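Have a look at the structure below, then the notes.
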Amino acid sequence: GIFSDMMDGLLLLVVGALGGVIMTAGVATLAWLYSRVAVATGSTSKGAPDALADNWKMMVKASLDAVPDWIMRVGPDGTVHESNTPTQRHFAGASSDASGQHVREVYPEPALPTLMEHIVRVVANGKPLIFEFLHTGNKRYGETRVFPVDGAVMVVTRDMTDQKAKEDFLHRSKERFALAVQGANDGLWDWDLESGTVYYSYAWKQLMLVDPTEVANTPNAWFDRVHPDDVVAVKAALQAHLDGEAPRYESEHRVMLAGGKWLWVLTRGMAVRDARGVARRIAGSLTDLTNRRAVAVSEEKANLLEHATSSVGIGIAMVTSEQTLADPSDMLKKMTSEWVDIASWWSQVRAETTFPK
C-alpha cells in the first residue's frame with residue numbers, strides 16, 4: 001500500500017547518499033510517493049490513517065527539501081503539480097515552490113525550450129531523457145533529467161558547475177601534458193604490474209621505428225630490444241626502484257631499432273604504490289640520446305686530443321671559414337701570450353690557410 005511504498009522510498013533516499021545516480025533515483029521515488037500521498041489524502045476526512053499519511057507526507061517533503069536537486073512533478077501541459085525547496089537554489093530561485101505554476105514561469109529561460117520539448121517526448125514515448133544547459137544569468141551549468149511518472153513527468157535539475165570545472169581542469173592538464181610530451185619528443189610507457197600489460201605511446205613506437213600495430217602490450221616489447229650487454233643493468237635498476245631501494249627508475253642503455261640499428265636512450269619512471277608501499281604500476285618516458293651522446297663523444301675526443309698535444313708542447317685551435325681563431329687549447333693560449341710578434345704570426349697563418357670549396 002501507500003505506507004509500504006513510502007517506506008521503500010525512504011530507504012532509497014538513504015541508499016542514494018552513496019552516489020549521485022542512485023540518489024537521483026531515490027529522490028525521484030520519494031517525489032512520486034509524495035504525490036501519491038497528496039492525491040490519497042486530498043479528498044478524505046481527517047481520520048487516524050489520514051493523519052498518519054499526512055505525517056509521512058511531511059517527512060517525504062522534508063527529505064526532498066534537504067537535497068540539492070530541484071525536483072518537480074510536471075503535467076503534460078507544463079503545469080507544476082509538486083515542487084521541493086532544494087538546499088541549492090541556483091536554478092530554482094529564492095522561492096522555489098512552483099506548485100500550481102507553469103514551468104515557463106519558474107524555469108531558467110535558456111533551458112526552457114529544451115525542457116518543453118523533452119516533456120512532450122517523454123510523455124509520448126515513456127522514455128527518460130537528459131540534457132545540459134548554461135544559465136546565462138548566473139553562469140552556472142545545469143543538468144536536467146526528465147522521466148515519466150503516473151501520466152506526468154519528474155523534472156530533476158542538478159547544479160553541475162563544480163563538476164564541469166573539475167572536468168575542464170582535468171582536460172586542460174591532460175592537454176598541457178600532451179603538448180609537453182610532444183615538444184620533448186619523448187615516448188611514454190605505462191606498465192600495470194598486476195595485469196602485466198604495458199601501454200606504449202605512439203611516440204615511443206616512432207622512436208623504435210616499428211609499426212604501431214605490431215607492438216605487443218607486454219614488457220618484452222621493451223626488454224627484447226635492449227642490448228644484451230645492458231639488459232641486466234636495466235632490469236636491476238628497475239627492480240631496485242620497485243623494491244623501494246631507489247627513489248626513481250633511471251637508466252641509459254641501447255635499444256635495437258627496426259632494421260638492426262642501435263640507439264642510445266634514457267628511460268625514466270616512477271611507481272604508483274598502495275597503502276603498504278607495494279608498487280602496483282610504473283609509468284615513465286623514453287628519450288633519444290643520439291645528439292647528447294654525439295656531443296659527449298665529440299667533447300671526449302677533443303679533450304683527449306688537447307691532452308695529447310699539450311703534453312708535447314703543441315697548441316691547437318680551429319680556424320673558421322671567416323679566418324678567425326676558434327676554440328684555442330690552453331697550451332696555444334699560453335704559447336701565444338708569450339709571443340711578442342704574434343700579429344705577424346697570425347697574418348702568416350691567415351695567408352696560408354685555405355678551405356675546401
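Predicted model, so just to flag it, every value in this text is computed and none were measured. Reckoned from all heavy atoms, side chains included, excluding hydrogens, waters and symmetry mates.
- Residues passing the side chain to side chain donor-acceptor pair (under 3.5 Å) test with N125: none are found, sequence neighbours excluded.
- Note that CE of M208 is 7.0 Å distant from CG of L257, once rounded to the nearest 0.5 Å.
- Looking only at distances, a side-chain donor or acceptor of N84 sits under 3.5 Å from a matching main-chain atom of D69.
- Between atom CE of residue M160 and atom CD of residue Q163 there is a gap of 3.5 Å, rounded to the nearest 0.5 Å.
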Worked check of side-chain hydrogen bond (donor to acceptor under 3.5 Å, both in side chains) between T79 and D77:
CA-CA 6 Å; T79 300; D77 62 348; 3.1 Å; yes

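- The existence of a salt bridge linking K166 and D162 is excluded, since no basic side-chain nitrogen approaches an acidic carboxylate oxygen closer than 4.0 Å.
- Residues I119 and V74 are in side-chain contact: their nearest non-hydrogen atoms beyond the backbone lie under 4.5 Å apart.
- Ring centroid separation for the pair W70 and Y107 comes in under the 6.0 Å cut-off.
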List the steps, then state whether side chain to side chain contact (heavy atoms under 4.5 Å, CB included) holds for V255 with H227.
CA-CA 6 Å; V255 292; H227 194 285; over 6 Å; no

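- There is no side-chain donor-acceptor pair under 3.5 Å between N217 and T197.
- With respect to R104 and E109, no salt bridge is recorded, no charged nitrogen being found less than 4.0 Å from a carboxylate O.
- Between T213 and D211, the side chains place a donor N or O and an acceptor N or O closer than 3.5 Å (distance only, hydrogens not considered).
- Contact record, S99 with E82: OG-CA, 3.6 Å, taken as the closest heavy-atom pair.
- Considering every non-hydrogen atom in both H241 and G269, the closest pair reads NE2-O, 4.1 Å.
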Assess whether side chain to side chain contact (heavy atoms under 4.5 Å, CB included) is satisfied between L188 and Y202, documenting all intermediate values.
CA-CA 8 Å; L188 299 182; Y202 184 75; over 6 Å; no

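- With D65 contributing its side chain and T85 its backbone, the two residues share a donor-acceptor pair below 3.5 Å.
- Using modelled atom types and a 3.5 Å distance limit, the side chains of S251 and T267 yield no donor-acceptor pair.
- Taking a cutoff of 4.0 Å between a charged side-chain nitrogen and a carboxylate oxygen, E143 and R158 do not qualify as a salt bridge.
- Ring centers of Y141 and F91: at least 6.0 Å apart, outside the cut-off.
- Salt-bridge formation is not detected for the pair R281/D192: no Lys NZ or Arg NE/NH1/NH2 atom is positioned less than 4.0 Å from an Asp or Glu carboxylate oxygen.
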Assess the residue pair F223 and V234 against the criterion (side chain to side chain contact (heavy atoms under 4.5 Å, CB included)); give the C-alpha distance rounded to whole Å, side-chain angles, the decisive distance to 0.1 Å, and a yes or no.
CA-CA 9 Å; F223 294 136; V234 169; 4.2 Å; yes

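- With D230 contributing its side chain and R254 its backbone, the two residues share a donor-acceptor pair below 3.5 Å.
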